[in-house]
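Take a look at the structure below.
Please read all numbers here as calculations on a predicted model, not as lab measurements. Numbered from 1 within each chain, the chains take letters A, B, ... in sequence-line order.
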Amino acid sequence: MAVVPHCAPAQSLQELSNLSLEELSQVEVISVSKRSEPLGQAPAAIYVITADDIRRSGAATLAEALRLAPNLEVAAVNSQTYNISSRGFNSVNASNKLLALIDGRSIYTPFFSSVFWDQQEVMLADVERIEVVSGPGGTLWGSNAMNGVINVVTKPAADTQGALVDVKLGDFIQRGAGRWGGRLGDSGSYRAYALGFGQGTTSFTDGRGAEDDWRAKQAGFRADLSVQDNAFTVQGDIFENLSDTPGGRRSGGNVLGRWTRRLADTSSVRVQAYYDQQNRSDVGSTGGGASDQVKTFDVQAEHVFTVGGNHQFVWGVGHRNWQDRFVNTANPFILVPESQTLNLTNAFAQDTIALRDDLRLILGTKFEYSSFSGWAVMPNVRLGWQMNAQHFLWAAVSRAVRSPSRIERDLTAPGIVNTSPGFRSEKMIAYEAGWRSQLTPRANFSLSLFYNDYTDLRTTSPSPVTFLPVTFGNGLEGHAYGIDAWGSYRPLSWWRLNAGVGLLQKDFHLKPGEADIAGVQTVLGHDPTHQAFIRSYMDLPHDVELYVGLRQIGALSDVGVPGYFEADVRVGWHVTPRLELSLAGLNLVHARHAEASQPPIREIPRSVFVGARWSF
Amino acid sequence: LTVRPKAWARDRAASRVVALLLGLLALLAARAMAQAPDVEAAVKATYLYKFAPFVEWPPDAFRFPSDSLVLCVAGTDAVARLVDEAVKGQNVRGRAVTVAHVGASARERRCHILYVAGHGESAVSALDSVRGSAVLTVTDAAREQRMRGIINFVTTDNRVRFEIDLDTALENKLIISSKLLSLAAGVRQ
């Protein structure tokens with residue numbers, strides 16, 4: 001749906017003059033308010049992971065590539081599962097306040113409002129960029145965009161012409177991918193890809209193998225066609241992932257169509273529809289098994305236009321239909337009803353008002369109706385001030401909502417947990433302010449402060465007297481505050497340094513009369529109070545490039561997971577413009593390290609791989 | 001009523017911080033209030049001289065090795081307004097770049113590149129005036145063939161790309177490098 005701006009370092013003519021033609025053709029010229037305006041004017045905390053960053057880092061999966069965003073917490077739980085969140089609330093049960101999209105297709109599951117990252121892969125070589133917004137995006141994106149939005153954007157088919165083979169072979173990851181792109185007549189292009197990968201096992205803290213290795217295969221296509229003022233895109237993917245111990249299968253596919261029509265220079269209409277199906281089944285370690293299925297049909301339309309010279313208006317409507325089924329014979333936890341249909345309907349409008357040439361006010365709101373949880377209103381007010389060519393200040397107040405997931409309302413197990421039909425949406429009001437600056441053509445930084453005021457967060461409430469069964473309630477409230485900061489510095493034409501730091505404090509309490517027994521499964525998650533990154537990108541002589549990425553993640557002190565320091569190194573050699581060979585080592589500092597709080601704790605091994613990328 | 005000394009000291013510290021912040025902001029604001037340019041126009045203005053190394057003009061287009069590359073601009077739009085600033089201090093393969101703002105007929109000036117702003121009849125006549133001479137014509141988002149230059153900017157997926165008309169290039173005796181062709185969003189021949 002909405003595209004957020006690319007905060008490319010290029011901001012002035014002088015900087016543009018340092019770009020090559022290829023780089024010029026990649027400079028983004030639209031923004032959060034969907035108006036062509038100076039870069040860096042989006043009044044929100046946005047970090048953009050570029051295609052070049054992904055390639056140089058050696059990231060082999062989508063979840064690993066997300067580590068490049070300093071405003072995300074990324075913790076590998078085991079070989080297959082990741083906890084990914086923004087501004088706190090990271091754990092298997094808590095990272096449910098983030099919206100993730102791949103080319104406009106929402107990928108979070110209505111079962112528990114989180115993302116099954118082992119069911120979401122992309123052809124990494126064809127990713128154009130990943131936009132990561134920290135902070136609420138409910139007005140444009142809707143419920144679940146509470147603490148952040150991840151927007152994976154793949155390249156148009158016109159930019160992926162010809163053949164490409166991308167292979168990584170290592171002791172932990174083995175991945176092969178191939179793509180072919182061609183033309184469709186004068187004004188269209190297409191591509192098709194297939195990929196497969198296998199990932200090794202993590203270890204328990206005593207060194208025993210966790211036997212969570214798995215393998216995946218996926219294929220997909222994209223076709224783009226433009227006819228005069230109309231642009232059409234059709235794309236789709238199909239996948240199957242398998243693990244042997246104790247046995248699991250994830251499969252599914254999607255197909256998406258998008259039509260954009262330019263009505264005038266500053267006015268356009270976009271209509272998008274997709275169907276997505278995801279199946280997940282696991283064999284229980286003690287017998288039985290669990291399987292779930294979600295079928296999603298989503299359609300949305302939006303219209304952008306200007307009124308006078310000062311108002312840029314965008315409004316839209318959308319409808320999503322979710323049909324799910326959850327069957328569990330491995331333990332007594334089931335959903336009642338087993339199968340459910342959810343309908344989510346929304347309408348939104350946002351006006352960007354140019355108060356002065358240098359001052360933008362954004363007013364917008366979304367109304368969303370869920371057949372599950374009723375109405376939700378998600379307004380935001382944002383103000384951006386481009387002080388001069390170097391400095392941009394912004395501030396925002398927004399309300400965001402996370403609607404109840406199926407598990408929160410319908411989970412039951414006789415004598416242990418009863419269904420919780422009274423469970424309501426979690427709500428937040430966020431206060432944000434930020435400063436982005438292009439200090440010199442070689443240095444820029446972004447600093448964002450936030451104070452998030454939450455209420456009605458999930459509690460696992462015991463029954464009076466008998467304790468069990470428990471139900472889910474909305475008994476927690478409190479606030480989280482912190483800083484996201486990052487910057488980029490190019491000391492020499494061939495050397496770029498990126499650094500980022502995130503600080504977070506949480507202060508929550510039970511509302512009067514409420515109780516919570518969630519313990520380690522707390523909805524507050526287990527967050528490090530700090531994380532820091534330094535990444536160095538060097539172009540060396542003889543077409544060799546060197547990447548060094550260092551990260552320091554604080555301890556999850558409440559659950560006893562120690563902090564860690566890790567380093568990734570990758571050397572790439574462009575043998576010819578069409579062939580690149582690489583050698584990479586990931587997590588080199590420790591033989592194994594733990595990242596997440598989910599018991600039993602698994603440790604991620606040090607790994608190395610050799611890679612080749614060949615286009616012809 | 002007594003003021004608690006501790007609270008008073010804290011308030012004073014807080015007001016000092018606020019004063020410091022305000023001072024810092026004033027200092028920043030006092031710096032050059034140059035407007036950040038419209039990025040889309042800035043990218044296009046930058047393209048104009050960046051195309052040159054990938055285009056081969058016939059030998060007589062430059063009489064002396066020291067001749068500058070003349071970038072002509074016909075009409076006014078956001079790009080045209082930025083061209084002078086964009087080319088300032090730039091050179092192309094050792095040649096300085098000079099900008100000439102021309103009227104509807106660009107013939108009088110010895111242009112190497114001609115950017116034609118707008119899509120009106122004056123744009124058409126500016127394009128017609130250099131048809132067949134060694135000039136790289138560039139237009140912005142022109143939809144009709146007669147309003148399209150050899151290179152025509154198009155904005156797709158929020159990026160500024162360009163189409164190339166090889167026929168017209170040939171007619172104007174220009175050789176476009178394969179590198180430029182490979183970057184084009186579309187090539188007409």
Asp67(B) side chain to Arg63(B) backbone, donor-acceptor under 3.5 Å: yes
Side chain from CB out, backbone as N, CA, C, O: work out which of these in Lys179(B) comes under 4.5 Å of a heavy atom of chain A, or both, or neither. side chain
Non-hydrogen atoms of chain B under 4.5 Å away: do they reach the side chain of Asp224(A), the backbone, both or neither? neither
Does a side chain donor of either Asn18(A) or Glu23(A) reach within less than 3.5 Å of an acceptor in the other side chain? no
Distance only, no hydrogens: is a donor on one side chain within 3.5 Å (strictly under) of an acceptor on the other, for Thr155(B) and Arg262(A)? no
Does Gly182(A) offer a backbone N or O that forms a donor-acceptor pair with the side chain of Gln161(A) under 3.5 Å? yes
Part of Gln90(B) lying under 4.5 Å from any heavy atom of chain A: side chain
